[in-house]
2 protein chains.
Amino acid sequence: MVVEIDGMQESNLLTTLEDIGLRKTSARVAVTAQIENTSDSFTAEQLCRDLPYVGRATVYRTIRHLVDAGALCKLPILDGAPMYSIARVEHHHHTICTKCGSVGEFRHTTVERVMRSLEKEIDGRITGHRMEIFIICSKCLAE
Amino acid sequence: MVVEIDGMQESNLLTTLEDIGLRKTSARVAVTAQIENTSDSFTAEQLCRDLPYVGRATVYRTIRHLVDAGALCKLPILDGAPMYSIARVEHHHHTICTKCGSVGEFRHTTVERVMRSLEKEIDGRITGHRMEIFIICSKCLAE
DNA sequence: TGATTAGTTGAAACCTAGTATCATTTAAAA
DNA sequence: TTTTAAATGATACTAGGTTTCAACTAATCA
């Protein structure tokens, strides 16, 4: 997601990093720009491959900063390397195709209502939840 | 879960392995017994520590067999090594204490109803779902 | 502006979790 | 009992990620 201000492109992710007191370095400009130009979700290794001139450690550190800041969302995957995508403001859940691994999003208010009704049943304080629907996506079904 | 038959203790997990055509070896007896004596969920590394005389490779292989056979359930955890627990017949979900990492279980019929209502919204065929409630457990709240 | 300094970088070493290899051992069929 | 295919486990390897630390640089200060 890139916001146009006075003809200058200003990166949301870069701004997030600056907002939490981190410096605007060329490595961070490159990493955040690459993430924003990636339409879909991505893995850390993918990002490293796309940015060979940025060190692995820096790529991983930048991802960690962005996840900690809430600007990136660590996607629920079945096995292997975690995937990330730019965090949306609204709360949502994920669909995961168990065949091709593609991750989708959905929102459903009933899920949130279920949460509230669970508060009585559960021994402790609810702080959050996560839900994944496993599917065979329409693309894989068509094959 | 251990079933008593004619005074002999017969392991369900071991039986599962034999049912899928695997041999009853001392290593498999040890691993399945250890899992059944573990009241809670466990990691592969924990099991290796508890069974120093069984090779790591064998412990991992046995867990894989049991998960593939559906007798063990790979629990959703936040980060790090996955946890396992003996699979229950009924479908259920998990509560995860984000402070101490303890995993609990709950069942809720509304969740299943939500699933059915989602079938229209989602582009693909639903094959399963998973839900995690993040909590601070009563034990951690008390501290 | 240039000097200062604390934050940042990246190569390399390390770590954790897990898998593959393969010579040796063993369960179980013949 | 012999046979043999399956299983084991020490070891090496891999993937994914973190730590270390000397060199570098952004941003502040004089």
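Residue numbers begin at 1 in each chain, while the letters A, B, ... track the order of the sequences.
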(request) Send over the distance from B:Leu17 CG to D:dA7 P, rounded to a whole Å. (result) 10 Å
(message) Would the base of C:dG18 count as contacting B:Arg61 through its side chain, where contact means a donor and an acceptor less than 3.5 Å apart?
(response) no
(request) Output yes when a side-chain donor or acceptor of A:Arg28 lies under 3.5 Å from a complementary backbone atom of A:Arg23, and no otherwise. (result) yes
(request) Provide, to the nearest angstrom, the distance between the CZ atom belonging to B:Arg64 and the C1' atom belonging to D:dT8. (result) 14 Å
(message) With side chain to side chain contact (heavy atoms under 4.5 Å, CB included) as the test, pick out the partner of B:Lys24 among B:Leu14, B:Thr32, B:Thr15.
(response) B:Leu14
(request) For A:Glu45 and D:dT14, give me the distance from atom CD to atom P, rounded to whole Å. (result) 15 Å
(request) Let me know the distance between OH of B:Tyr53 and P of D:dA10, rounded to the nearest Å. (result) 14 Å
(request) Measure from CD on B:Gln46 to C1' on C:dT16 and round the result to the nearest Å. (result) 15 Å
(request) In whole angstrom, give the distance that lies between atom CE of A:Met83 and atom C1' of D:dG16. (result) 14 Å
(message) Please determine whether a side-chain nitrogen or oxygen atom of B:Thr25 lies at a distance below 4.0 Å from atom OP1 or OP2 of D:dT8.
(response) yes
(request) Please tell me which of B:Ser26 and B:Ala57 maps to the more 5' nucleotide of DNA chain C, matching each residue to the nucleotide holding its nearest heavy atom. (result) B:Ala57
(request) Take the protein atom NZ of B:Lys24 and the nucleotide atom P of D:dA7, then report the distance between them rounded to whole Å. (result) 15 Å
(message) Given B:Leu51, which partner from the list B:Ile35, B:Val31, B:Thr62 fulfils the side chain to side chain contact (heavy atoms under 4.5 Å, CB included) test?
(response) B:Val31
(message) Looking at C:dG10, I'd like to know if its phosphate oxygens (OP1 or OP2) sit under 4.0 Å from a side-chain N or O belonging to A:Thr58.
(response) yes
(request) Find which nucleotide of DNA chain C each of A:Leu22 and B:Tyr84 is nearest to by heavy atoms, and output the residue with the more 5' nucleotide. (result) A:Leu22
(request) Please check the phosphate of C:dG10 (OP1 and OP2 only) for any side-chain N or O of A:Arg56 closer than 4.0 Å. (result) no
(message) Does D:dT18 have OP1 or OP2 under 4.0 Å away from a side-chain N or O of A:Tyr60?
(response) no
(message) From C-beta outward on B:Arg23, which listed nucleotide comes closest to its side chain: C:dG18, D:dA7, D:dG16?
(response) D:dA7
(request) Spell out, as yes or no, whether a donor-acceptor pair under 3.5 Å connects the side chain of A:Glu36 to the backbone of A:Leu13. (result) yes
(message) Side chain of A:Arg28 only, heavy atoms from C-beta on: which candidate in D:dG9, C:dG18, C:dT8 is closest?
(response) C:dT8
(request) Write down the distance between CZ (B:Phe42) and P (C:dA17), rounded to a whole number of angstrom. (result) 15 Å
(request) First locate atom CD1 of A:Ile20, then atom NE2 of A:His65, and finally report the distance between them rounded to the nearest 0.5 Å. (result) 6.5 Å
